[in-house]
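Reading through the structure tokens given below for one structure.
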Amino acid sequence: MRILLTNDDGFFAPGLQALYQTLASDGYEVGIVAPEGQRSAAGHAITLFEPLFVNAHQLPFGGEGFSVRGTPSDCVKLAIQGGIVAKPDLLISGINLGQNLGTDVFYSGTVAAALEGVLLGVPALAVSLASYQFGDFQPAAGFVRKLLKDWSLITDGGLVNINIPGTPAEEWRGVKVTRLGKAIYENIFERRQDPRGKTYYWQSGTLTPDYEEDTDLRAVGDGYVSLTPMHSDLTDYKRLKSMSQLMDQFMS
Ligand code: MN
């Protein structure tokens with residue numbers, strides 16, 4: 001079985017490298033095509049007006065990995081459509097440093113890269129460690145290893161967004177299948193001045209998580225591993241009928 005790894009934290013990020021080590025030492029055929037540097041919050045952007053420079057790196061378990069001067073989605077497109085690696089059976093994006101929960105999925109390069117795989121016909125997992133402090137990717141990599149036994153059933157050809165608590169595996173309370181919640185960020189734009197007196201802003205935010213029942217935010221907040229099945233169809237099916245009735249009235 002052939003697995004393609006990518007991420008948005010960059011080729012040399014510890015989360016991706018830990019996952020590579022775990023899966024390659026299990027005997028999976030693992031390739032890497034990932035951004036050469038930090039591309040977190042790149043969303044689903046692709047690069048059209050600049051070239052995609054690529055560097056090859058010898059991988060410890062054989063073969064070559066590729067770092068790309070592009071976005072996470074560029075990497076997946078280049079890997080699958082550009083033919084720089086053999087077509088994978090499964091794409092895994094991560095392990096990201098930091099959670100990708102609820103509304104985060106719109107900004108996340110990690111989730112976008114996984115979704116790009118699905119758009120190109122490759123089932124995908126987006127995997128995030130929901131902590132910036134914990135620092136140990138082994139428990140999360142171990143969880144992915146377990147999932148791989150049934151990856152085909154679990155992905156069902158689509159995308160699963162996985163968030164793993166930043167604690168040792170013994171402390172996890174279990175696994176929950178969840179829906180996306182609403183991560184509400186209070187954005188702060190700090191106004192600063194550069195050494196030449198020019199004003200600039202640096203944005204950051206504090207999260208007010210929505211702890212509604214059944215959400216990914218609630219599950220991870222309560223110490224569970226969260227699995228959210230996702231697809232690319234953003235249609236609001238609840239409004240289809242009412243909107244078409246409204247348009248009929250407009251036109252009559
Ligand atoms: Mn990231």
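Remember, it's 1-based here, ligands and their atoms both numbered in the order they're listed.
- Here Ser40 reaches the Mn ion (ligand 1): one of its N/O/S atoms is less than 2.8 Å from the metal.
- Separating the NZ atom in Lys77 from the CD1 atom in Ile46 is a distance of 5.0 Å, to the nearest 0.5 Å.
- In summary, the side chains of Thr178 and Asp214 do not present any donor paired with an acceptor at a separation below 3.5 Å, with no hydrogens or angles considered.
- The Mn ion (ligand 1) is closest to atom OD1 of Asp9 (considering only N, O or S atoms).
- For the residue pair Asn100 and Tyr107, no side-chain donor N or O sits within less than 3.5 Å of a side-chain acceptor on the partner.
- With the Mn ion (ligand 1) as vertex, Asp8 OD1 and Asn96 OD1 subtend 90°, rounded to 10°.
- Of all the heavy atoms in Ser131 and Gly166, the pair that sits closest is CB-CA, 3.7 Å.
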